[in-house]
Number of protein chains: 2
Amino acid sequence: MRIGALGQATGVDPETIRYYERIGLLPAPVRRANGYRAYGPAHLERLAFIRHCRALDMPLADVQRLLRLLDHPLDDCQDVDRLIDTHLAHVQGKLQSLQTLARQLEQLRGRCHGQHATAECGILHELVAAAQGESCVCHVDGRASDWAMPTAPHPRIHKIKRVLSPE
Amino acid sequence: MRIGALGQATGVDPETIRYYERIGLLPAPVRRANGYRAYGPAHLERLAFIRHCRALDMPLADVQRLLRLLDHPLDDCQDVDRLIDTHLAHVQGKLQSLQTLARQLEQLRGRCHGQHATAECGILHELVAAAQGESCVCHVDGRASDWAMPTAPHPRIHKIKRVLSPE
DNA sequence: TCTTGACCCCGGAGTGGCTACAGGGTTTTT
DNA sequence: AAAAACCCTGTAGCCACTCCGGGGTCAAGA
Ligand SMILES: [Zn+2]
Ligand SMILES: [Zn+2]
Ligand SMILES: [Zn+2]
Ligand SMILES: [Zn+2]
């Protein structure tokens with residue numbers, strides 16, 4: 001099985017497959033004489049697993065941990081449960097804030113119907129007013145609230161070339 | 001007003017403020033004799049606007065477009081409306097897929113209670129089975145469906161150094 | 001006066017999870 | 001035989017920041 005066929009079978013772009021190999025998520029397959037990668041059924045299964053986890057929006061580091069746990073069948077599964085719990089909590093948190101967001105945007109959208117000049121547009125007016133007012137969550141000063149900006153940054157880890165450790 | 005005070009007033013990190021200036025989102029302020037940036041109330045207002053838009057999860061390119069529209073008060077506001085519509089649709093789409101996701105994860109979580117070896121863990125079993133089966137959305141072949149991976153990539157635009165154009 | 005600390009400057013590299021491309025080689029189809 | 005489709009490596013780009021190194025500036029305290 002060459003990389004294109006594996007990609008077809010799993011719905012994963014070949015470039016992405018090579019990327020997974022580069023970061024150590026998918027084991028490097030044997031090569032044919034011409035240098036082409038040759039995959040077997042084990043790779044297919046593993047890649048399908050990865051894709052399914054990604055479809056559940058798990059970060060690749062979590063997927064890596066699950067794969068490792070799969071490879072050690074005698075370990076306790078507590079780590080699996082915790083990982084899923086954490087991820088689920090994360091998803092639910094995002095869901096909450098997205099719901100708030102959608103409500104705010106719908107309300108904002110209602111501020112303008114039809115055509116005016118931008119100087120009279122209710123949407124722009126509301127945006128400017130809200131940005132100035134105190135009522136908006138984005139203005140509570142300090143870190144006391146549990147509200148976070150939708151696009152939260154990632155904590156930084158340093159000097160990793162191979163993104164995921166090899167074993 | 002120096003950069004630190006502006007950051008305090010708006011809740012934006014000074015590094016982020018410099019970043020906004022670098023990409024042309026916030027106009028460069030005058031400098032004092034020592035090279036420090038000196039901001040006025042106009043900057044404060046603009047930055048608060050930016051932050052409020054970001055709190056609504058708008059991409060910076062959209063914020064830039066809104067700022068431009070604010071600066072041209074005689075233009076028609078149709079662009080504003082379309083921009084908000086598009087963004088709202090985007091948010092609602094993400095909300096939908098997150099809801100599906102949360103349901104799937106909750107169901108998955110229910111597969112394991114208490115401790116077993118990973119070889120017997122219902123969660124891992126389900127993940128492997130789902131990845132192999134045909135029932136899962138992540139396996140529909142081709143692009144015919146309206147389902148998309150949660151972390152969808154952005155289309156690519158080329159050779160932009162200054163991320164947002166200057167005017 | 002000296003030192004400590006809080007600010008400020010700049011440029012460059014790193015984050016995740018890919019995607020795109022350049023510039024070559026190989027295989028398959030027409 | 002030529003064209004199309006596939007494969008290889010390596011690098012750079014996307015977003016919206018964040019962090020760091022290596023320096024400069026300016027106040028208050030010992
Ligand atoms: Zn699946
Ligand atoms: Zn309007
Ligand atoms: Zn706000
Ligand atoms: Zn379990």
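Naming: A, B, ... by sequence-line order, numbering from 1 per chain.
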Rounded off to whole Å, could you give me the [atom1]-to-[atom2] distance for the [X] and [N] pair?
| X | N | atom1 | atom2 | result |
| --- | --- | --- | --- | --- |
| B:Gln64 | D:dC15 | CD | C1' | 15 Å |
| A:Arg31 | C:dG25 | CZ | C1' | 14 Å |
| B:Arg2 | C:dC9 | CZ | C1' | 12 Å |
| B:Asp13 | C:dC7 | CG | P | 13 Å |
| B:Leu60 | D:dT18 | CG | P | 11 Å |
| B:Glu21 | D:dC17 | CD | C1' | 16 Å |
| A:Tyr20 | C:dT19 | OH | C1' | 12 Å |
| B:Ile3 | D:dT18 | CD1 | P | 13 Å |

- Charged N to carboxylate O below 4.0 Å: is that the case for A:Arg82 and A:Asp79?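 The answer is yes: the pair qualifies as a salt bridge.
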
- Task: Answer yes when B:Asp75 and B:Arg68 have at least one side-chain N-carboxylate O distance shorter than 4.0 Å, and no when they do not.
- Result: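 Between B:Arg68 and B:Asp75 there is no salt bridge, as every charged N stays at least 4.0 Å from the carboxylate O atoms.
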
Gap separating the [atom1] atom of [X] from the [atom2] atom of [Y], nearest 0.5 angstrom:
| X | Y | atom1 | atom2 | result |
| --- | --- | --- | --- | --- |
| B:Leu47 | B:His52 | CG | NE2 | 13.5 Å |
| A:Ile84 | A:Cys53 | CD1 | SG | 7.0 Å |
| B:Leu95 | A:Gln99 | CG | CD | 5.5 Å |

- Should A:Arg22 be listed as having a side-chain N or O under 4.0 Å from OP1 or OP2 of D:dG10?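 Indeed not, no polar side-chain atom of A:Arg22 lies that close.
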
- Query: Can you find a side chain N or O atom of A:Arg18 that sits less than 4.0 Å from OP1 or OP2 on D:dC8?
  - Reply: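 For D:dC8, OP1 or OP2 has a side-chain N or O of A:Arg18 closer than 4.0 Å.
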
Heavy atoms under 4.0 Å, any strand shown: does [X] hit a base, just sugar-phosphate, or nothing?
| X | result |
| --- | --- |
| B:Pro14 | nothing |
| A:Arg37 | sugar-phosphate |
| A:Arg32 | nothing |

- Query: Has the side chain of B:Tyr36 got a donor or acceptor atom sitting under 3.5 Å from an opposite partner on the base of D:dG24?
  - Reply: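 Per atom types, the contact qualifies.
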
- Message: Between C:dG16 and A:Tyr19, counting only base atoms on the nucleotide and side-chain atoms on the residue, is there a donor-acceptor pair under 3.5 Å?
- Response: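 Checked by distance alone, the answer is no.
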
- For A:Asn34 and A:Glu15, take the nucleotide of DNA chain C holding the closest heavy atom to each; which residue's nucleotide lies nearer the 5' end?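 It is A:Glu15, whose closest nucleotide lies nearer the 5' terminus.
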
- Starting at the 5' end of DNA chain D, which residue's closest nucleotide do you reach first, B:Thr16 or A:Ala5?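 Per heavy-atom nearest nucleotide, the more 5' residue is A:Ala5.
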
